[in-house]
There are 2 protein chains.
Amino acid sequence: MSLAMPDDGKPVRRTAILDAAEAQFAQHGYDGVNLRAIARDAGVDVALANYHFGKKRDLFDAVLMRRAEVLNAWRLKALEDALSEARPNPPSVEAIVRAYLRPLLTGSHVTEPGWKHYYALIAYVNNSPDWGGKLMTQFFDPLIIQFIDALRLSLGDVDEKALYWSYHCFSGALTLTFAETGRIDLLSKGLCHSDDLAGAYEHVVRFITAGFESIRPT
Amino acid sequence: MSLAMPDDGKPVRRTAILDAAEAQFAQHGYDGVNLRAIARDAGVDVALANYHFGKKRDLFDAVLMRRAEVLNAWRLKALEDALSEARPNPPSVEAIVRAYLRPLLTGSHVTEPGWKHYYALIAYVNNSPDWGGKLMTQFFDPLIIQFIDALRLSLGDVDEKALYWSYHCFSGALTLTFAETGRIDLLSKGLCHSDDLAGAYEHVVRFITAGFESIRPT
DNA sequence: GCCATATTTCAACACTTGTTGAAGTGGGGA
DNA sequence: TCCCCACTTCAACAAGTGTTGAAATATGGC
């Protein structure tokens, strides 16, 4: 294996471009970023981004795709663990919510800052009228459908509309929290910190779990 | 009063620019929009935006400010109504949540499409690491603090961190829902519709109310 | 060492961007 | 009528944009 190759067999400069693009897109959005700034951060020439990824929009998709596959695999594993632990009963709503959230905190991202940028990027995409619908569906729906199936199993004969709107609330709360915009720091006058995701974790789990439980048929 | 003046005494072209800018910023974000496209939609010359509002960024702030003042007034009225109806007891959590949400649905926006664009714009701002913290604080915090005070009154001796993180979840769920990204339409395979805000209303109220109730001390 | 291939750099094009200053328009008061 | 003023248009600049083709360099197999 060449010295120019990281573990995945791709050139180091290629991943350097992905890392720089990820950070920039997360901070400023797709249109707020230019390729020269990305290239500068990555320490490469402008044209190299085009050589490896094609158009700017293709680079954006590549950034989204890279960690989506990893995150989906982690979440699927966590969900299957929750299902098998509870078998033959359905898992609790809280166990499902935790399976959806835990991979965000227990992955390699603790030592890899790229993951935090990625979460902010997902918040940007999720809330964009331009791409929110299409891109989130493309990258995450196959997995999300399985989580909704699990919730349906856990909650019983639940109203379908209520279930989807509840997940929608979950999605909005989650992406904003992990975007780390600094909003809660200002609102709480320093009591809470955006970058304290571990501290936010239990609060989010409780809030969301209660929300889903409220639609359980009596 | 001149024929060139609408009710508020400002030139019609000035508000035409605000309307066009609002729609464009909401759809594509700050950097995804150029002044020539705004001017074209407004039916005016490019330079006119600069004459009325100064720099592009100042126009953006003017768009945010215009409806923020109206929305804050509506919400304050709704909150005061909820407080006085319940007096001498504190209002229920649900009554407070409804006071926060109802103005989004009962205002003049039913006949005025600009409000829907505005909600999408708020979702964009709220989730932006660049501006989320500062701008939301600047335009909405004075009112939001009053809502959090009311929630604290209603919930009793509640954990402060849990209260702020719960509001944070509320904020994320709300802004995403009113951004109408089309996401839920695809996820639910047509069962739910992003633009059916009236239909979403009861589901959001229930989900959020249950979330806040979960932090009530026992 | 040699060659085909992959990677990287360089320089430049064609186009869009925000912003500006000067000129033009129309109405109301002196 | 003339002038002042707010409003609007016109034309243009200077900087920045994504993208490209050709040249240069490095790499790995023979």
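Chain A is the first sequence line, chain B the second, and so forth, proteins listed ahead of strands; every chain is numbered from 1.
Residues passing the ring pair (Phe, Tyr, Trp, His ring centres under 6.0 Å) test with B/F178 are B/Y119, sequence neighbours excluded. Partners of B/Y118 under the ring pair (Phe, Tyr, Trp, His ring centres under 6.0 Å) rule, at least two apart in sequence or in another chain, are B/W115. For the salt bridge (Lys or Arg N to Asp or Glu O under 4.0 Å) test, no residue two or more places apart in sequence or in another chain qualifies with A/D130.
Sorted by first and then second residue, the salt bridge (charged side-chain N to carboxylate O under 4.0 Å, His left out) pairs involving residues 168-177 of chain B (not counting sequence neighbours) form an empty list. Screening residues 40-50 of chain B for side chain to side chain donor-acceptor pair (under 3.5 Å) gives B/Q24-B/D41 as the qualifying pairs, with residues at least two apart or on separate chains.
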(request) Assign a letter to each nucleotide of nucleotides 8-13 of chain C from its 5' end: B, base within under 4.0 Å of a protein heavy atom; S, sugar-phosphate only; -, no contact. (result) BBB-B-
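For the pair A/D31 CG and D/dG16 P, the interatomic distance rounds to 18 Å; values are reported in whole Å. For the pair A/I38 CD1 and D/dT19 P, the computed distance is 11 Å after rounding to whole Å. Computed from coordinates, the A/D58 CG to D/dT20 P distance equals 10 Å when rounded to whole Å. Atom CZ in B/F53 sits roughly 17 Å away from atom P in D/dA6 (whole-Å rounding). As rounded to whole Å, 11 Å separates atom P of D/dG18 from atom CD of A/Q24. Per the geometry, CZ belonging to B/R40 stands 17 Å off C1' belonging to D/dT9, to the nearest Å. Nucleotide D/dG18 holds its P atom 4 Å from the CG atom of A/L35, rounded to whole Å. Between B/K56 atom NZ and C/dT20 atom P the separation is 14 Å, expressed in whole Å.
The pair B/E202-B/R98 counts as a salt bridge, with a side-chain nitrogen and a carboxylate oxygen less than 4.0 angstrom apart.
Between atom OG of residue A/S128 and atom CG of residue B/N127 there is a gap of 10.5 Å, rounded to the nearest 0.5 Å.
At the heavy-atom level, A/N50 lies under 4.0 Å from base atoms of the strands shown.
Contact annotation: A/K55 side-chain N/O to D/dT20 OP1/OP2 distance is under 4.0 Å. Put simply, A/N34 has a side-chain N or O that comes within less than 4.0 Å of OP1 or OP2 on D/dT17.
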